[in-house]
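Have a look at the structure below, then the notes.
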Amino acid sequence: MLFLILTFIVIALVFLLLHSMDKRRWHRYKFERDMFFRSHPYILHCNEKFEIELHVTNTMQRKLLSVLTLKSDQLQRYRTATILRDADQYRRNSVKVMLCDLTVAHLEPYYAEKFCKSLAHTDFSIGRPIEVSAEILLSIGKNQTEIQDIRIDLPLDPTQANQYLVDKTGSKKLKAKNSNPDD
């Protein structure tokens with residue numbers, strides 16, 4: 001009977017040890033994956049018409065002005081924005097737009113849902129960011145500079161986003177799983 005109890009305790013300890021090792025391995029993998037994704041984001045080259053407008057709060061506009069130091073005489077600036085799928089559990093397909101590691105705004109829910117469905121077969125769905133061009137329109141007043149508008153270079157039809165997606169090396173990304181190989 002004592003042998004059976006000791007065997008059960010040893011088996012339980014081995015199981016707990018293996019479980020903790022697997023948990024540490026999984027956390028290490030997610031950390032290394034996130035570091036790889038930060039250094040190798042996707043790039044979305046679109047038509048450079050900047051047709052998608054972001055709704056930015058006044059507080060975020062002031063933060064951007066101080067971070068980007070947009071106090072010159074230029075009325076428009078071009079920057080690289082990062083689009084990242086938000087890990088919010090309540091909004092399944094939420095996409096945030098970031099400039100200089102600041103979350104500027106979220107894409108409209110309908111657009112974000114179609115955008116995520118278009119890129120479902122890529123690493124974007126697990127957290128790989130996408131770099132896009134952003135146009136910042138400024139208005140210069142008597143004593144202050146204000147951000148009038150922020151637009152990003154995304155296609156008007158979000159279902160076509162996978163056609164414009166390229167890797168950092170410049171190679172085209174995979175087509176949809178259900179697409180015809182003759183395309």
Can you tell me how far apart [atom1] ([X]) and [atom2] ([Y]) are? Round to the nearest 0.5 Å.
X      : Y      : atom1 : atom2 : result
Asp86  : Lys96  : CG    : NZ    : 5.0 Å
Leu64  : Cys100 : CG    : SG    : 7.5 Å
Ile152 : Phe50  : CD1   : CZ    : 10.0 Å

_Assess whether a salt bridge exists between Asp149 and Arg151, defined as any Lys/Arg side-chain N lying under 4.0 Å from an Asp/Glu carboxylate O._
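A salt bridge links Asp149 with Arg151.
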
*Test side chain to side chain contact (heavy atoms under 4.5 Å, CB included) applied to Ile150 and Val97, Val56, Leu137, the passing residue*: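 Only match with Ile150 under side chain to side chain contact (heavy atoms under 4.5 Å, CB included): Val56.
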
*Checking side chain to side chain contact (heavy atoms under 4.5 Å, CB included) against Arg24, which of Met21, His27, Arg28 comes through?*
Met21

*side chain to side chain contact (heavy atoms under 4.5 Å, CB included) involving Asp157 - partner list, sequence neighbours excluded*: Thr159, Gln160

_With heavy-atom distances below 4.5 Å as the criterion, would you say the side chains of Ile130 and Leu119 are in contact?_
yes

*Do Tyr164 and His45 come within less than 4.5 Å of each other through their side chains, counting heavy atoms only?*
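No - every pair of side-chain heavy atoms lies 4.5 Å or more apart.
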
_Co-members of Leu84 in a cluster of I, L, V, M, F, W and Y side chains, linked at under 4.5 Å_ = Met98

*Share the residues that join Met35 in a hydrophobic cluster, the rule being Ile, Leu, Val, Met, Phe, Trp or Tyr side chains under 4.5 Å apart at the heavy-atom level.*
Phe31

*Crowding at CZ, Arg33 (>12 non-hydrogen neighbours, <6.0 Å)*: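 Buried by this count: over 12 neighbours within 6.0 Å.
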
